[in-house]
Participant: 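Here it is, the structure in full.
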Number of protein chains: 2
Amino acid sequence: MAAMTTEAPDTLVRLKAIADPVRWKALQFLREPAPSTCRPGAAGVCGCDFEVVLGLAQPTVSHHMKVLVDAGLVTGEKHGRWVFYHLVPEAFGELQRELATFASAAAEVPA
Amino acid sequence: MAAMTTEAPDTLVRLKAIADPVRWKALQFLREPAPSTCRPGAAGVCGCDFEVVLGLAQPTVSHHMKVLVDAGLVTGEKHGRWVFYHLVPEAFGELQRELATFASAAAEVPA
DNA sequence: AGCACCTATCGACATGGGTCGATGTTTTTC
DNA sequence: GAAAAACATCGACCCATGTCGATAGGTGCT
């Protein structure tokens, strides 16, 4: 179940993945993970952690994480019976560059 | 009021506004506007232009533009009976910085 | 083996939001 | 004043999707 980060999902897919309150909160947690409640000293954030952080049922968490992984924003490594999630900085870098084209658009005024 | 760009809408509101195929296309058009079909030589893009570009009915266009304006991504100036829309570069700059925090997050490289 | 735990999938439900027709408001033009 | 054009608002429809319970698949522990 390797994460196919080589192919570039559409920008809209990534934006739609981010533009959800639950997934946005999940990404923020991935950015600054609190000490794992299910596995102290773990090298990542597992799905069961998100259940606590997000306050949602397990299938719902699984669904949201799948969306993030499919969008290429997050990778999920399976270690034992846990899945550890990590951010994909490149994906956010690409989005950053996309938005930059809009931030600099108004700079050039039609002659 | 027309342009309440002083208050900062939530980041999620802006992301949700962008993460829509129609509005994304509208933003791209605002970035590189083609010559206006309803008013040649106009100093902006009016709503009726979007009807042609997006291929949608007028109420639908009005709805989408309102979402973009409310999100602070676009301003709408009313000139006569037309409303000319422009990008708000600052808003995209803020989003850019938001995403930068994820792009620079601890990137552990697999051995 | 048997059990407990984490995760993925399925099915069903409810909500949100995109879409359009009809209508109203404002402004320009004749 | 009347007509036309651009835009906003309203109401309704319909699809996408977030949510959960039930269930199945996998893994580690005793």
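Every chain is numbered from 1, with letters handed out A, B, ... down the list of sequences. Not measured: the values here are computed from a predicted model.
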Participant: Figure out the CH2/C1' separation between B/Trp24 and C/dG17, and round it to whole Å.
Facilitator: 20 Å
Participant: Can you label the angle between the A/Phe102 ring and the B/Phe92 ring as parallel, tilted or perpendicular, going by 30° and 60°?
Facilitator: parallel
Participant: So do the side chains of A/Phe50 and A/Leu56 get within less than 4.5 Å of each other, counting heavy atoms only?
Facilitator: no
Participant: Looking at every heavy atom in both B/Ala103 and A/Gln96, which two are closest together, and how far apart are they?
Facilitator: CB-OE1, 3.7 Å
Participant: What is the distance, to the nearest angstrom, from the CG atom on A/Asp49 to the C1' atom on C/dT7?
Facilitator: 13 Å
Participant: Same cluster for A/Val69 and A/Leu54 if Ile/Leu/Val/Met/Phe/Trp/Tyr side chains link at under 4.5 Å?
Facilitator: yes
Participant: Expressed as a whole number of angstroms, how long is the span from B/Lys25:NZ to C/dT19:P?
Facilitator: 12 Å
Participant: Could you tell me the separation between the CG atom of A/Leu12 and the C1' atom of C/dG18, rounded to a whole number of Å?
Facilitator: 15 Å
Participant: Looking only at side-chain N and O atoms, does B/Ser62 come under 4.0 Å of OP1 or OP2 in D/dA8?
Facilitator: yes
Participant: What integer distance in Å separates B/Leu68:CG from C/dG17:C1'?
Facilitator: 15 Å
Participant: Rounded to the nearest 0.5 Å, what separates atom OG1 in A/Thr101 from atom CZ in B/Arg31?
Facilitator: 3.5 Å
Participant: Classify every nucleotide of nucleotides 17-28 of chain D by which part a protein heavy atom approaches to under 4.0 Å, writing B for the base, S for the sugar-phosphate alone and - for neither, in 5'-to-3' order.
Facilitator: SSBBBB----BS
Participant: Would you call B/Leu15 and B/Asp10 a side-chain contact if the rule is heavy atoms closer than 4.5 Å?
Facilitator: no
